[in-house]
Visitor: 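Next up is a structure, given as structure tokens.
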Amino acid sequence: MKELIGLSREALTEEMIALGQKAFRAKQLWQWLYFFGETNFDKMTNLGKSLREELKKNYTITRPKVITEQTSTDGTRKWLVEFADGARVECVYIPESDRGAVCISTQVGCAQGCKFCHTGTQKCQRNLTAGEIVGQVMVARDSYGEWPTKTDENRMLSNIVVMGMGEPLCNFDNLKKALAILNDGDGMAISKRKITVSTAGRADKIPELADMGVKLAVSLHAPNNEIRDQIMPINHKFNLEKLIKACHEYQARSERRAFITMEYVMLKSINDSLVCAEELTHLVKGLEVKFNLIPFHPWPGCPFEPSSHNQMQKFSKFLESKYFAAPIRRSRGQDIMAACGLLKSATQK
Ligand code: SAH
Ligand code: SF4
């Protein structure tokens, strides 16, 4: 039996042709899978009885298994899902007033080991497949009953942020495949501009995100190599010079004007002084960026403390005085450990 979810459009077409079908059958099947979100072959009435029987004999349509679903007092919803081999990840839906973002994972655990990140304390077990990445968005749509919806505009689940567990650019091939499936206009039709990929700093891969047309967020978190080396091991390989150069290349290669979101987790007495803020403004000179100041979310055993609200506000005001957008990100879903950096396959076996 072969799993259909995660096959590229081309691969699905090849499968249908191998079954002796015309190519347009692949389009119909694709619509059942990704537009209607159908998991039962018997309901795919326009495919004909004999083809449906054939499909049932050879293929499966699998969703990740939902182990727990929790909804925060602020409306944030988190799922712990399990894949066929027992591996588990978390994904989150973060609602805004009239829309919202699904935050998805790309790896089981993470090998980057950033010192402030809870996910980083769990070693990387494996990469997720394209189907497993897409499957998380499908679970969210199932949960909100959002099949089918025609455009980004009339969906609650309008945006995708690749900011869950794992470093997405360390699983780039599967990520690319997954984003192509999510973006396909006959299926889930999530436009590229509504997809943001966050990286801890794989400078070698960043420019390619411009060719894919998706938005870039960088986990910057420090204004110089001295601080960044201490909190993010990836900086030893890709230092700030390399990272900033890659950001310039991303913007030069982007078709549309593409602001980069610079994520900056505020760690008390580590990176939150106004000297740091000043240094930041020089670091990003010539780039079109907005800062996103993230309150640090402590976890048991973590070596840092959050900056005070007062300090965060001063930091934000300083950046704004230099004409940068620098909002302090509202923490969401903290009561269910769904906030940034807290995801973990908590009930790991
Ligand atoms: N691995 C990718 C994407 C997932 S992390 C990356 O690092 O960019 C999503 C964001 O949460 C990143 O900016 C990350 O640095 C931040 N983060 C990690 N741990 C955190 C914590 N304890 N509190 C607040 N933000 C955290
Ligand atoms: Fe991995 Fe991102 Fe956490 Fe760093 S911040 S350990 S890259 S998930």
Side-chain angles (χ1 to χ4, degrees), residues 76 78 89-92 94 101-128 133 136 160-172 174-175 195-203 205-206 209 214-222 227-238 243 246-247 250 260-268 270-272 289-307 309 312 327-334 337-346:
T76 302
K78 183 175 82 169
V89 300
E90 293 187 314
C91 49
V92 179
I94 309 137
V102 183
C103 175
I104 55 176
S105 296
T106 51
Q107 297 180 314
V108 185
C110 184
Q112 302 308 316
C114 303
K115 298 281 191 292
F116 45 79
C117 177
H118 200 212
T119 307
T121 64
Q122 189 188 337
K123 73 174 196 333
C124 182
Q125 283 177 43
R126 69 171 175 86
N127 283 333
L128 297 188
I133 296 170
Q136 297 168 61
I160 306 274
V161 293
V162 189
M163 295 189 181
M165 298 165 59
E167 167 49 47
L169 301 193
C170 290
N171 186 14
F172 207 19
N174 291 327
L175 176 72
I195 300 176
T196 303
V197 176
S198 173
T199 176
R202 281 293 302 260
K205 307 271 188 190
I206 282 174
L209 291 173
V214 296
K215 289 209 218 162
L216 168 64
V218 173
S219 292
L220 191 61
H221 304 326
I227 299 176
R228 206 163 191 267
D229 277 341
Q230 282 172 35
I231 60 178
M232 300 181 75
I234 193 174
N235 201 60
H236 299 302
K237 182 137 195 232
F238 300 104
L243 180 55
C247 290
Y250 167 83
I260 299 172
T261 303
M262 293 293 186
E263 296 162 283
Y264 198 92
V265 60
M266 301 287 293
L267 305 169
K268 186 177 190 169
I270 304 281
N271 65 358
D272 66 347
V289 305
K290 16 186 191 193
F291 290 97
N292 207 329
L293 305 179
I294 312 176
F296 172 60
H297 302 124
W299 35 273
C302 68
F304 303 111
E305 280 177 65
S307 303
H309 188 69
M312 285 197 279
I328 300 169
R329 189 190 279 178
R330 193 157 52 105
S331 295
R332 306 294 301 270
Q334 246 178 313
M337 290 282 281
C340 297
L342 295 184
L343 301 186
K344 210 171 170 182
S345 316

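Residues take their numbers from the sequence shown, with the count starting at 1. Ligands are counted one by one from 1 in listed order, and the atoms in each one are counted from 1 as well.
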Visitor: Can you confirm whether Leu128 sits close enough to Asn174 that some side-chain heavy atom of one is under 4.5 Å from a side-chain heavy atom of the other?
Guide: no
Visitor: Is there a side-chain contact between Arg329 and Glu263, using heavy atoms and a 4.5 Å cut-off?
Guide: yes
Visitor: Is it true that a side-chain atom of Lys78 and a backbone atom of Met337 form a donor plus acceptor pair closer than 3.5 Å?
Guide: yes
Visitor: Excluding waters, how many protein N/O/S atoms sit closer than 2.8 Å to atom 1 (Fe) of ligand 2?
Guide: 1
Visitor: What atoms of ligand 1 come closer than 4.0 angstrom to any heavy atom of Ile294?
Guide: 24 (C), 25 (N)
Visitor: Relative to ligand 1, is Glu263 under 4.0 angstrom through side chain, backbone, both or neither, heavy atoms considered?
Guide: side chain
Visitor: Can you find an N or O of Gly166 that's nearer than 3.5 Å to an N or O of ligand 1?
Guide: yes
Visitor: Looking only at protein heavy atoms, identify the closest one to atom 14 (C) of ligand 1 and say how far it is in Å.
Guide: His221 NE2, 3.7 Å
Visitor: When you measure from atom 4 (C) of ligand 1 to each heavy atom in Ser219, Ser198, Gly164, which option holds the nearest one?
Guide: Gly164
Visitor: Do Met266 and Ile328 come close enough that some side-chain heavy atom pair is under 4.5 Å?
Guide: no
Visitor: Which residue and atom name correspond to the protein heavy atom nearest atom 26 (C) of ligand 1, and how close is it?
Guide: Cys340 O, 3.6 Å
Visitor: What is the distance from atom NZ of Lys115 to atom CD1 of Ile270, rounded to the nearest 0.5 Å?
Guide: 11.5 Å
Visitor: Please list the nearest protein heavy atom to atom 23 (N) of ligand 1 with its residue and the distance rounded to 0.1 Å.
Guide: His297 N, 2.9 Å
Visitor: Considering non-hydrogen atoms of the protein only, which is the closest contact for atom 5 (S) of ligand 1, and what is the distance?
Guide: Met163 O, 3.8 Å
Visitor: Would you say Thr196 and Thr261 make side-chain contact, with heavy atoms under 4.5 Å?
Guide: no
Visitor: Does atom 1 (Fe) of ligand 2 have a protein heavy-atom neighbour under 4.0 Å away?
Guide: yes
Visitor: Counting both backbone and side chain atoms, is some N or O of His118 under 3.5 Å from an N or O of ligand 1?
Guide: no
Visitor: If you measure from CE on Met232 to CD1 on Ile227, what distance do you get to the nearest 0.5 Å?
Guide: 13.0 Å
Visitor: Side chains of Phe172 and Leu209: does their closest heavy-atom pair fall under 4.5 Å?
Guide: yes
Visitor: How does Thr199 reach ligand 1, if at all, at less than 4.0 Å between non-hydrogen atoms: by side chain, backbone, both, or neither?
Guide: backbone
Visitor: How does Met165 reach ligand 1, if at all, at less than 4.0 Å between non-hydrogen atoms: by side chain, backbone, both, or neither?
Guide: neither
Visitor: Does some non-hydrogen atom of Pro295 fall short of 4.0 Å from ligand 1?
Guide: yes
Visitor: Do the non-hydrogen side-chain atoms of Pro168 and Ser198 ever get within less than 4.5 Å of each other?
Guide: no
Visitor: Give a yes or no on whether the backbone of His221 and the side-chain of Asn271 come within a donor-acceptor separation of less than 3.5 Å.
Guide: yes
Visitor: Is there at least one pair of N or O atoms, one from Phe116 and one from ligand 1, spaced under 3.5 Å apart?
Guide: yes
Visitor: Working to the nearest 0.5 Å, report the span between SG of Cys170 and CD1 of Ile234.
Guide: 6.0 Å
Visitor: Are any of the heavy atoms in Trp299 under 4.0 Å away from ligand 1?
Guide: yes
Visitor: Closer than 4.0 Å to some heavy atom of Glu167 - which atoms of ligand 1 meet that?
Guide: 1 (N), 2 (C)
Visitor: Please round to the nearest 0.5 Å and tell me the distance separating atom CZ of Arg330 and atom CD1 of Ile294.
Guide: 14.5 Å
Visitor: Which donor-acceptor pairs under 3.5 Å do side chains of residues 103-112 form with protein atoms, sequence neighbours excluded?
Guide:
residue	atom	partner	partner atom	Å
Ser105	OG	Glu90	O	2.7
Ser105	OG	Met165	N	2.9
Gln107	OE1	Glu167	N	3.0
Gln107	NE2	Asn127	OD1	2.9

Visitor: Quick test: of every protein heavy atom, which one is nearest to atom 18 (C) of ligand 1, and how far off is it to 0.1 Å?
Guide: Gly341 CA, 3.4 Å
Visitor: Return the CD1 to SG distance between Ile133 and Cys91, rounded to the nearest 0.5 Å.
Guide: 12.0 Å
